[in-house]
Participant: 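Can you keep this structure in mind? I'll have questions shortly.
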Amino acid sequence: QSGLPNITVYDFIQDSKGFIWVSTNMGLSRYDGFEFLTYNTPDQTSLAGSAIIEDKYGRIWYENFDGYLYYTKNEQLFALKQNRPGEFLPFGIVDDYIFVSQQKGIDVYDLKTLKLIKTILIDAKNPVASRVFKEAYYFLAENILYRIDKKLELKKTTFFQDNGLNANMMCDNGQQLFMIYKNSDQHRIHFVNHDLKYDRAVDLPTSASLMAIQFLDNKYWLYSNQGSFIYDAQFNFINSHKDLGLDVSVNKCIIDKNGN
C-alpha cells in the first residue's frame with residue numbers, strides 16, 4: 001500500500017535534494033514524494049543491503065550484505081571495482097577517501113576517481129561495527145577498536161579485549177564514540193575519545209535485547225525487542241515507543257529537512 005518495493009527496510013536517508021533513499025530486500029530505492037524507483041544493475045551479487053551514504057559529488061552509495069558497494073550516477077546504478085570482501089562491514093567516506101573492508105584488511109579508494117589508492121593490511125577477524133567520526137574511519141573486530149585517519153595512518157586499542165569487555169555496536173554523540181554489546185541483558189555503554197582513549201561506562205536501566213542505538217536530537221535512542229526507548233544526554237528516561245505511537249519494529253530515525 002505504501003509503494004515500498006519490500007516491507008523490510010534496512011536503512012534510509014534523506015539526500016541533499018530532499019529525496020528519501022531506502023534499502024530493502026529488493027535493493028536501493030528512491031522516493032520522490034509520489035513513488036519509489038528501484039535501482040539495479042546486472043553486476044549486483046545480491047540486492048539486500050544497508051549503509052546508505054550521499055557523497056560530496058551527489059552520488060548515493062549503498063553496500064549489499066555480501067560486502068560489495070554500488071553507487072548511483074546519471075540515474076543508473078554502478079558497481080565499485082573492488083577486491084573480494086570479507087564479512088559485511090559498513091564502508092565509510094572521509095574527505096576524499098572511501099574505506100572498504102576486504103579479506104586482508106581495508107582498501108582505500110579515491111572518492112573522485114574511484115581508483116584503489118592503498119590497501120592497509122590488518123589481521124582483523126570477525127568485524128562487527130564501523131563508524132566515521134572526527135575525520136577518521138573506526139571499526140570493531142573481536143573487541144579491538146581500530147582507527148584509520150585521513151593521513152591513512154592506522155592505530156588500535158586492545159582495551160576492551162584486555163579488560164574482558166564486549167562491544168558489537170558503535171555510534172557517536174558528536175563528542176565521543178560510544179559502544180555497547182547488544183547480546184546481553186545488562187547493557188553498559190562504553191565511551192571512547194577520538195584518540196581511542198577509554199573514558200567511562202554508563203549502565204542503562206533496561207533489560208531489553210537491543211537491536212540498534214543512535215544519538216539524535218541530543219538524545220540517546222535505544223531500539224529493542226520491547227520497543228524504542230529515549231533518554232536525554234544525561235541518560236534520564238524521556239519516553240518510549242508507546243508514547244510516540246509506534247507499534248512497529250524500528251532501528252533508525254532521521255530528522256528531515258523540515259526539522260520533523
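Quick caveat: nothing in here was measured; it's all calculated off a predicted structure. One is the number of the first residue; the rest follow in order along the sequence.
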Participant: Just verifying a value: how many Å separate Ile189 CD1 and Cys171 SG, rounded to the nearest 0.5 Å?
Facilitator: 9.5 Å
Participant: Using every non-hydrogen atom in the two residues, find where Pro85 and Gly67 come nearest and quote the distance to one decimal.
Facilitator: CG-O, 3.4 Å
Participant: For this output row, return yes or no: ring centroids of Tyr220 and Phe178 closer than 6.0 angstrom.
Facilitator: yes
Participant: Under a 3.5 Å threshold, yes or no: a donor from one side chain and an acceptor from the other, between Gln82 and Asp107?
Facilitator: no
Participant: Could you pull out the closest heavy-atom pair between Ile98 and Leu69, with the gap in Å?
Facilitator: CG2-CD2, 4.2 Å
Participant: Would you say the side-chain atoms of Asp195 pair up with the backbone N or O of Lys197, donor to acceptor, closer than 3.5 Å?
Facilitator: yes
Participant: Please state whether the rings of Phe235 and Phe191 are parallel, tilted or perpendicular, taking 30° and 60° as the class boundaries.
Facilitator: perpendicular
Participant: Run the side chain to side chain contact (heavy atoms under 4.5 Å, CB included) check on Ile52 and Tyr62 step by step: do they pass?
Facilitator: CA-CA 4 Å; Ile52 307 175; Tyr62 97 109; 4.1 Å; yes
Participant: Taking the side chain as C-beta and beyond, is there a heavy-atom pair between Leu116 and Asn83 under 4.5 Å?
Facilitator: yes
Participant: Tell me, yes or no, whether the heavy-atom count around Ile255 atom CD1, taken from other residues, nucleotides or ligands under 6.0 Å, exceeds 12.
Facilitator: yes
Participant: Of the non-hydrogen atoms in Ala141 and Ala124, which two are nearest, and what is the gap between them?
Facilitator: CB-CB, 3.9 Å
Participant: How close do Ser50 and Ser23 get, heavy atom to heavy atom, and via which atoms?
Facilitator: CA-OG, 3.7 Å
Participant: Hey, quick one: are Tyr71 and Tyr57 part of the same hydrophobic cluster, counting side-chain heavy atoms closer than 4.5 Å, chains of contacts allowed?
Facilitator: yes
Participant: Just one of Asn173, Asn239, Ile238 clears the side chain to side chain contact (heavy atoms under 4.5 Å, CB included) bar with Lys219, so which one?
Facilitator: Ile238
Participant: Regarding Tyr10 and Asn25, is there a side-chain donor-to-acceptor distance under 3.5 Å anywhere?
Facilitator: yes
Participant: Listing request: all salt bridge (charged side-chain N to carboxylate O under 4.0 Å, His left out) pairs with a residue in residues 250-260, at least two apart in sequence or in separate chains.
Facilitator: Asp11-Lys252
Participant: Nearest 0.5 Å please: distance from the CG atom of Leu4 over to the OG1 atom of Thr38.
Facilitator: 9.0 Å
Participant: Are Leu210 and Val202 connected in the hydrophobic side-chain network, where two residues link if heavy atoms are under 4.5 Å apart?
Facilitator: yes
Participant: Quick one: do Glu135 and Lys150 make a salt bridge, cutoff under 4.0 Å?
Facilitator: yes
Participant: May I ask you to test the Phe139-Ile122 pair for a side-chain heavy-atom distance under 4.5 Å?
Facilitator: yes
Participant: Do Phe19 and Leu77 share a hydrophobic cluster (ILVMFWY, side-chain heavy atoms under 4.5 Å, transitive)?
Facilitator: yes
Participant: Using side-chain heavy atoms (C-beta onward) and a distance below 4.5 Å, is Glu87 in contact with Asn126?
Facilitator: yes
Participant: Decide side chain to side chain contact (heavy atoms under 4.5 Å, CB included) for Lys17 and Glu54; before the verdict, give the C-alpha distance in whole Å, the side-chain angles of both, and the deciding distance to 0.1 Å.
Facilitator: CA-CA 11 Å; Lys17 297 178 181 179; Glu54 180 182 13; 5.6 Å; no
Participant: Does Leu154 belong to the same Ile/Leu/Val/Met/Phe/Trp/Tyr cluster as Leu152, with side-chain heavy atoms less than 4.5 Å apart forming each link?
Facilitator: yes
Participant: Let me confirm one number: the NZ-CG distance from Lys56 to Asp95, rounded to the nearest 0.5 Å.
Facilitator: 6.5 Å
Participant: Over 60° means perpendicular and under 30° means parallel, so tell me whether Phe65 and Phe88 are parallel, tilted or perpendicular.
Facilitator: perpendicular
Participant: Can you establish whether the number of heavy atoms outside Met211 located under 6.0 Å from its atom CE is more than 12?
Facilitator: yes
Participant: Given a cutoff of under 4.5 Å between side-chain heavy atoms of I, L, V, M, F, W and Y, with clusters grown through shared members, what are the other residues clustered with Tyr138?
Facilitator: Val128, Phe133, Leu140, Leu145, Phe159, Phe160, Leu165, Met170, Leu177, Met179, Val192, Leu196, Tyr198
Participant: Kindly say whether Thr41 contributes a backbone atom to a donor-acceptor pair with the side chain of Gln44 at under 3.5 angstrom?
Facilitator: yes
Participant: Taking it one step at a time, do Phe12 and Tyr31 satisfy ring-ring contact (aromatic ring centres under 6.0 Å, His included)?
Facilitator: CA-CA 10 Å; Phe12 68 103; Tyr31 181 62; over 10 Å; no
Participant: Roughly how far apart are Ile120 CD1 and Tyr146 OH, rounded to 0.5 Å?
Facilitator: 12.5 Å
Participant: Please determine whether side chain to side chain contact (heavy atoms under 4.5 Å, CB included) holds for the pair Tyr109 and Leu80, giving the CA-CA distance in whole Å, both sets of side-chain angles, and the decisive distance to 0.1 Å.
Facilitator: CA-CA 10 Å; Tyr109 293 82; Leu80 178 69; 4.1 Å; yes
Participant: Are the side chain of Asn6 and the backbone of Thr8 linked by a donor-acceptor contact shorter than 3.5 Å?
Facilitator: yes
Participant: Does the side chain to side chain contact (heavy atoms under 4.5 Å, CB included) test come out yes or no for Phe229 and Leu204, once each step is laid out?
Facilitator: CA-CA 11 Å; Phe229 303 92; Leu204 292 177; over 6 Å; no
Participant: Please confirm whether the backbone N or O of Tyr68 pairs with a side-chain atom of Asp66, one donor and one acceptor, at under 3.5 Å?
Facilitator: no
Participant: Taking NZ, NE, NH1 and NH2 as the nitrogens, is one of them in Glu75 or Arg30 under 4.0 Å from a carboxylate oxygen of the other?
Facilitator: yes
Participant: Short question: side chain of Trp221, backbone of Leu216 - any donor-acceptor pair under 3.5 Å?
Facilitator: yes
Participant: What is the distance from atom CD of Glu63 to atom CG of Leu89, rounded to the nearest 0.5 Å?
Facilitator: 7.0 Å
Participant: Look up atom CD in Glu142 and atom OG1 in Thr158, then write down how far apart they are to the nearest 0.5 Å.
Facilitator: 13.0 Å
Participant: Minimum heavy-atom separation for Thr24 to Val9, with atom names?
Facilitator: CG2-CG2, 4.1 Å
Participant: Tell me yes or no: between the side chains of Asn166 and Asn143, is some donor less than 3.5 Å from an acceptor?
Facilitator: yes
Participant: Would you say Ile60 and Tyr39 make side-chain contact, with heavy atoms under 4.5 Å?
Facilitator: no
Participant: Can you give me the closest heavy-atom contact between Tyr223 and Ile213, atom names plus distance?
Facilitator: CD1-N, 4.3 Å
Participant: Identify whether Ile117 and Tyr137 are in the same connected component of the hydrophobic contact network (ILVMFWY, side-chain heavy atoms under 4.5 Å).
Facilitator: yes
Participant: My understanding is that only residues two or more places apart in sequence, or in another chain, count here; which of them pass ring pair (Phe, Tyr, Trp, His ring centres under 6.0 Å) with Tyr97?
Facilitator: none
Participant: Do Leu111 and Arg59 touch side chain to side chain, with heavy atoms closer than 4.5 Å?
Facilitator: yes
